[in-house]
Amino acid sequence: MPGQHARLSASGSKVWINCPGSVKLTEGISEESSPFATEGTICHELGEMALRERLLGDKIDYPLNRFNAEMFVAIATYRSNVEKLIDEIGPDPVVFVEQRVEFGSLIGVPGMFGTSDCILLWPEHGVVATVDLKYGKGVRVDAEANSQGMLYALGVLDLVHEICDIKRVLVIIDQPRLDHLSRWEISSDELLQWAKDITPVAIDAFNGSDRLTPGEHCHDGFCKARHTCPALAAEAMAAFEDNDTIPGVMSPEQIAALLPRLPRIKAWAEGLLTFAWENAQLGVKYPGWKLVAGRQTRKWSDEYQVAKVLEAEGVEPWTRKLISITEAEKTVGKKHPVFELTVKTEGRPALVPESDKRAEYVASATIDASIDTNFTED
Ligand code: SF4
């Protein structure tokens, strides 16, 4: 079946498992390109080189002009974490780097495949580990029940089941820029059962289901239709319908009922605004709306000439400013002794669900009107 490999990807599995209709709805929508995506691609190339050099003995000539210092620090952490895993489980695993694995036959849709960053296999211990490098730091990703890693592991089970008996599967997500190394273990029997459980939804999605189910996965999974999806828009608008006819102000209970839904609605609204603004600049007309010029701002036309004029007036024209902690980390790495000279300051309190593990903050008498509303759902 030509083209079928593009339909159910491992990296997009969080979306299609939760919303089978997304496969059909996103057909024809091209991959979003962004500086972050480009950085991620470059960093994966570097990660591949680092593992090939260290674990497979390949001779690597690093194209240094493609990578920045932050990427090298991130990849050094990634490589070191893989080495620590080998130290823990056992020497000389079978190593696959940037390996294509086919998992489709185990979920009822033969031909589906994905490319795993790193797979380590210890046949004598009956252990397989899939390690996924995430260079992004916008969304923290956990290994527990991570369908991408589980699908890669399924592919390995399918590949080696006749030659070795795998009992333990380790799913590992390494997000070095967040200092986040997440690990989760599942038995091969449980993994095969999970494959059976998702088979109906995989077949439904592959066959062009119309079932659209909005949820966290729309944004966390970067669904390509999240800006134009009618189901997501309907869900966002419906959140307020219950409150339309209520006389008087909303009660704390009504606000509390809306709070868990607001982050998703906010993400949807902001994404839609950006999407419409970008398309308007490309010539798309939205009925009743138009593009207007942005507010003009002033800036120096010739900084060195300005400096000369001000110096002649006895005014010091230049200011010096210390670089930020983040900039310093990018330049000298996070372990540099200079970071002993940091202190932590109190952040603004955040409004979160009661189930959050943090202790309740006791507010002082004054209420800051600009409260932090960047809470997250459970
Ligand atoms: S935006 Fe959400 S509901 Fe719409 S297709 Fe994507 S995953 Fe499904």
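Counting starts at 1 for both ligands and their atoms, in listed order. Everything quoted here is computed from the prediction, not taken from an experiment. Computed from heavy atoms alone, side chains included, the values below leave out hydrogens, waters and symmetry copies.
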### Message
Need the ligand 1 atom indices (1-based, order shown) with element for anything under 4.0 Å from a heavy-atom of Leu212.
### Response
5 (S)
### Message
Could you tell me, atom by atom, which parts of ligand 1 come under 4.0 Å of a heavy atom of Cys19?
### Response
3 (S), 5 (S), 7 (S), 8 (Fe)
### Message
Do the side chains of Glu216 and Lys14 get close enough for a salt bridge, i.e. N-O under 4.0 angstrom?
### Response
no
### Query
So, Glu185 and Arg183, do they make that salt bridge, N to O below 4.0 Å?
no
### Query
Taking 4.0 angstrom as the limit, do Lys84 and Glu88 come out as a salt bridge?
no
### Task
List every atom of ligand 1 that sits less than 4.0 Å from any heavy atom of Cys229, numbering the atoms from 1 in the order shown and giving each element.
1 (S), 3 (S), 4 (Fe), 5 (S)
### Message
Between Lys167 and Asp165, does any NZ, NE, NH1 or NH2 come within less than 4.0 Å of an OD or OE carboxylate oxygen?
### Response
yes
### Query
Just heavy atoms, cut-off under 4.0 Å: does Lys224 contact ligand 1 by side chain, backbone, both, or neither?
neither
### Query
With a 6.0 Å cut-off on ring centres, are Phe113 and Phe103 close enough?
no
### Query
What's the shortest distance from atom 2 (Fe) of ligand 1 to any protein heavy atom, and which residue and atom give it?
Cys218 SG, 2.3 Å
### Contacting atoms of ligand 1, where contact means under 4.0 angstrom from a heavy atom of Leu25
5 (S)
### Query
Out of Cys223, Ala225, Ala231, who gets a non-hydrogen atom closest to atom 6 (Fe) of ligand 1?
Cys223
### Query
Atoms of ligand 1 less than 4.0 Å from Val15 heavy atoms?
7 (S)
#### Entry: Ionic contact status for Arg264 with Glu235, cut-off 4.0 Å
yes
### Query
Is the backbone of Glu329 close enough, under 3.5 Å, to the side chain of His336 for a donor and an acceptor to pair up by distance?
no
### Query
At a non-hydrogen distance cut-off of under 4.0 Å, which region of Thr213 contacts ligand 1 (side chain, backbone, both, or neither)?
backbone
### Query
Which is closest to atom 7 (S) of ligand 1 in terms of heavy atoms, His219, His217, His227, Glu235?
His217
